[in-house]
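All values below come from the heavy atoms of this structure, side chains included, with hydrogens, waters and symmetry mates left out. Numbering starts at 1 and runs along the sequence shown.
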Amino acid sequence: MKHRKWKRRLKYLLLKLSLIPPIDSAYVDLEYVYYQPMRHEIMVELPVSLSGEDIDEIMSKALCGGILRWCKEVTAQGQYPGKLVSEQLSRNGTLLLRDNANTVHELTLQKLLNGFRQYLIAGGNVDRNEQGQIDIRDIDYEASDAIIQYALFGTIHYE
């Protein structure tokens with residue numbers, strides 16, 4: 001019992017005279033001992049293929065409700081390769097979209113494909129099979145609106 005008491009007194013005296021560091025500061029350098037989960041990110045490029053019908057379906061959903069908040073007019077430019085306006089891009093046509101500020105934006109097939117790519121990079125959830133074909137049922141009005149906005153502006157302008 002006496003031995004413990006003298007040991008505590010000696011420790012107290014050494015701490016008071018700063019001859020030994022406090023217990024908390026003695027373990028400051030040992031933080032690496034504790035496990036801290038690490039996240040490792042990798043970039044994966046997965047091929048995705050869109051058929052002409054998929055492009056027509058995306059445009060149909062966009063024109064029937066997706067872009068109606070900010071787009072007041074859509075017209076086909078030049079030749080009219082398809083029967084419907086939503087069929088223009090899949091046949092290498094061009095669409096002119098007029099927004100609420102009367103600014104005209106040109107939408108081509110290449111811009112739409114780039115917008116779809118940006119949509120996927122931004123976290124768009126679309127299932128695909130082994131051949132890279134998407135499940136078009138995953139594209140709703142909001143997703144089609146986002147794809148068109150990425151195609152035209154590079155970002156989402158209208159929430």
Side-chain angles (χ1 to χ4, degrees), residues 20-159:
I20 62 170
I23 292 175
D24 294 341
S25 65
Y27 296 103
V28 170
D29 296 335
L30 298 178
E31 287 184 24
Y32 65 89
V33 172
Y34 299 109
Y35 174 74
Q36 294 182 5
M38 298 177 66
R39 294 189 179 263
H40 303 281
E41 292 186 15
I42 58 171
M43 297 299 294
V44 178
E45 291 187 20
L46 300 172
V48 175
S49 64
L50 292 170
S51 67
E53 292 84 19
D54 294 338
I55 292 170
D56 292 344
E57 187 68 25
I58 291 170
M59 287 307 302
S60 177
K61 287 182 180 178
L63 295 173
C64 291
I67 63 173
L68 292 180
R69 292 174 292 123
W70 58 271
C71 182
K72 64 181 182 179
E73 182 183 10
V74 177
T75 57
Q77 180 184 22
Q79 61 184 9
Y80 201 73
K83 293 180 182 178
L84 301 173
V85 175
S86 60
E87 297 175 349
Q88 300 306 307
L89 294 182
S90 64
R91 291 162 178 81
N92 288 325
T94 302
L95 294 179
L96 298 177
L97 287 80
R98 184 181 308 275
D99 63 9
N100 290 333
N102 282 332
T103 306
V104 177
H105 305 280
E106 183 180 69
L107 182 61
T108 61
L109 178 61
Q110 191 58 42
K111 285 183 179 180
L112 182 76
L113 294 176
N114 190 34
F116 191 80
R117 183 174 82 43
Q118 287 180 341
Y119 171 74
L120 291 178
I121 290 172
N125 188 13
V126 178
D127 290 335
R128 55 185 275 298
N129 61 14
E130 294 83 23
Q131 290 83 24
Q133 297 170 332
I134 67 163
D135 185 3
I136 197 63
R137 293 173 293 185
D138 291 337
I139 305 292
D140 57 1
Y141 295 115
E142 290 82 21
S144 64
D145 177 37
I147 292 168
I148 301 297
Q149 287 190 50
Y150 281 124
L152 294 176
F153 312 121
T155 63
I156 301 292
H157 276 309
Y158 305 99
E159 291 293 327

key: Interatomic spacing from CG in Leu68 to CG in Leu63 - rounded to 0.5 Å   = 8.0 Å

query = Nearest 0.5 Å, what's the CD-CD distance between Glu87 and Glu57?
reply = 11.0 Å

key: Residue that, paired with Ser90, satisfies side-chain contact (heavy atoms from CB on, under 4.5 Å) out of Asp54, Ile55, Leu112, Leu50   = Ile55

ask   = Going from CG on Leu97 to CD1 on Ile67, what distance comes out if it is rounded to the nearest 0.5 angstrom?
value = 4.5 Å

Determine all donor-acceptor pairs shorter than 3.5 Å in which one atom belongs to a side chain in residues 99-108; sequence neighbours excluded.
residue: Asp99; atom: OD1; partner: Ala101; partner atom: N; Å: 3.1
residue: Asp99; atom: OD1; partner: Asn102; partner atom: N; Å: 3.2
residue: Asp99; atom: OD1; partner: Thr103; partner atom: N; Å: 2.8
residue: Asp99; atom: OD2; partner: His105; partner atom: NE2; Å: 3.2
residue: Asn100; atom: ND2; partner: Arg69; partner atom: O; Å: 3.0
residue: Asn102; atom: OD1; partner: Lys72; partner atom: NZ; Å: 2.6
residue: Thr108; atom: OG1; partner: Lys111; partner atom: N; Å: 3.3

ask   = Any side-chain heavy-atom pair from Ile136 and Ile58 closer than 4.5 angstrom?
value = yes

note = What one should report as the nearest heavy-atom pair of Gly66 and Ser144 is CA-OG, 4.2 Å

query = What are the two closest non-hydrogen atoms of Tyr150 and Ala122, and how far apart are they?
reply = OH-CB, 3.2 Å

ask   = If you look at every heavy atom in Ala146 and Tyr119, which pair is closest and at what distance?
value = CB-CD1, 3.9 Å

Nearest-0.5 Å distance that lies between atom CZ in Arg117 and atom CG in Leu120 = 9.5 Å

ask   = Quick one: does Asp145's side chain get under 4.5 Å of Trp70's, heavy atoms only?
value = yes

query = Out of curiosity, Leu96 CG to Gln77 CD, how far, rounded to the nearest 0.5 Å?
reply = 4.5 Å

inquiry  = Quick one, Ile148 and Met59 - any side-chain contact, counting heavy atoms below 4.5 Å?
reply    = yes

message = Please give me the minimum heavy-atom distance between Gln133 and Ser49, naming the atom from each residue.
response = CG-OG, 3.4 Å

ask   = Looking at CD1 of Ile139 and CG of Asn125, how far apart are the two atoms once the value is rounded to the nearest 0.5 Å?
value = 9.0 Å

